[in-house]
Amino acid sequence: QVQLVESGGGLVQAGGSLRLSCATSRRTSSLYAIGWFRQAPGKERQFLAAIRWSGSSTQYADSVKGRFTISGDNAKNTVDLQMNSLKPEDTAVYYCAARRVQGSWYSGYDYWGQGTQVTVSS
């Protein structure tokens with residue numbers, strides 16, 4: 001079992017920045033990948049970004065490419081999501097998730113955090 005805890009959410013004005021952090025109970029290097037997702041009210045959960053430890057590769061959704069950056073710190077067992085140029089439509093609950101074995105960037109994650117609220121005001 002892996003516990004994931006998100007932090008860093010809050011209220012920010014449009015154009016502002018936030019940095020979310022995901023702390024894991026297991027060494028991040030022992031997991032295949034960690035991703036960030038979000039879910040707005042009445043909408044489906046949306047993939048945002050993910051990082052794989054083998055080769056340190058990353059993947060982003062088109063909607064956040066160039067604005068969001070995912071990074072990992074193996075020493076701290078954390079994965080951060082730096083979010084810049086935030087828009088009101090970025091308002092959602094943000095979740096981090098971890099997968100144990102090789103698979104899709106976008107689905108099939110085994111463990112999920114409880115989420116952190118991000119609200120962007122216009």
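Excluded from the calculations below are hydrogen atoms, water molecules and symmetry mates; all remaining heavy atoms, backbone and side chain alike, are included.
- Every salt bridge (charged side-chain N to carboxylate O under 4.0 Å, His left out) that Lys65 has, sequence neighbours left out, goes to Asp62.
- Counting heavy atoms from C-beta outward, Arg45 and Trp112 have side chains that approach closer than 4.5 Å.
- Residue pairs satisfying the salt bridge (Lys or Arg N to Asp or Glu O under 4.0 Å) criterion with at least one member in residues 18-30, sequence neighbours excluded, are listed as follows: Arg19-Asp80.
- Heavy-atom minimum distance, Leu20 versus Gly9: CD2-N, 3.5 Å.
- Residue pairs meeting the disulfide bond (SG atoms under 2.5 Å apart) criterion with at least one member in residues 65-122, sequence neighbours excluded, are Cys22-Cys96.
- By the criterion of side-chain heavy atoms lying less than 4.5 angstrom apart, applied directly or through intervening Ile, Leu, Val, Met, Phe, Trp or Tyr residues, Val64 is not grouped with Tyr109; the two fall into different hydrophobic clusters.
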**Message:** Evaluate Leu48 against Met83 for side chain to side chain contact (heavy atoms under 4.5 Å, CB included), listing each step before the verdict.
**Reply:** CA-CA 11 Å; Leu48 299 175; Met83 306 187 296; 5.7 Å; no
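- Contact record, Ala14 with Ser122: CB-CA, 4.4 Å, taken as the closest heavy-atom pair.
- Every residue meeting the side-chain hydrogen bond (donor to acceptor under 3.5 Å, both in side chains) condition with Gln3, not counting sequence neighbours, appears here in chain and number order: Ser25.
- One finds the CG atom of Leu4 at 8.0 Å from the CG atom of Leu31 (value rounded to the nearest 0.5 Å).
- In this structure, Val2 is a member of the same hydrophobic cluster as Trp36, with clusters built from ILVMFWY side-chain heavy atoms closer than 4.5 Å.
- Residues Ala98 and Ile34 share a closest heavy-atom pair of CB-CG1, 4.0 Å.
- Among residue pairs with one or both ends in residues 66-108, those qualifying as ring-ring contact (aromatic ring centres under 6.0 Å, His included) are Phe47-Tyr106; sequence neighbours excluded.
- Scanning for side-chain hydrogen bond (donor to acceptor under 3.5 Å, both in side chains) contacts around Thr119 gives Gln117, with sequence neighbours left out.
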**Request:** Evaluate the side-chain hydrogen bond (donor to acceptor under 3.5 Å, both in side chains) criterion for residues Gln46 and Ser63: first the C-alpha distance (whole Å), next the side-chain angles of each, then the deciding distance (0.1 Å), finally the verdict.
**Result:** CA-CA 10 Å; Gln46 176 189 14; Ser63 60; 3.1 Å; yes
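- Listed by chain and number, the residues in a side-chain hydrogen bond (donor to acceptor under 3.5 Å, both in side chains) with Ser17 are Asn84 (sequence neighbours excluded).
- The salt bridge (charged side-chain N to carboxylate O under 4.0 Å, His left out) test applied to Arg99 returns no partner, not counting sequence neighbours.
- Residues near Val5 contribute nothing to a hydrophobic cluster around it, because no ILVMFWY side-chain heavy atom sits closer than 4.5 Å to its side chain.
- Every side chain to side chain contact (heavy atoms under 4.5 Å, CB included) that Gln13 has, sequence neighbours left out, goes to Ser121.
- For residues 110-122, the salt bridge (Lys or Arg N to Asp or Glu O under 4.0 Å) pairs, not counting sequence neighbours, are Arg100-Asp110.
- Linking Ile, Leu, Val, Met, Phe, Trp and Tyr whenever their side-chain heavy atoms come within less than 4.5 Å leaves Ile51 and Phe37 in two separate clusters.
- Of the inter-residue distances, the one linking Gln102 atom CD with Arg52 atom CZ reads 6.5 Å to the nearest 0.5 angstrom.
- Across every non-hydrogen atom of Ala92 and Arg38, the tightest pair is CB-CB, 3.9 Å.
- Under a 3.5 Å cut-off, the side chain of Thr24 and the backbone N or O of Asn77 do form a donor-acceptor pair.
- Side chains of Thr69 and Tyr60 form a contact here, defined as non-hydrogen atoms less than 4.5 Å apart.
- Sequence neighbours left out, not one pair with a member in residues 112-122 passes salt bridge (Lys or Arg N to Asp or Glu O under 4.0 Å).
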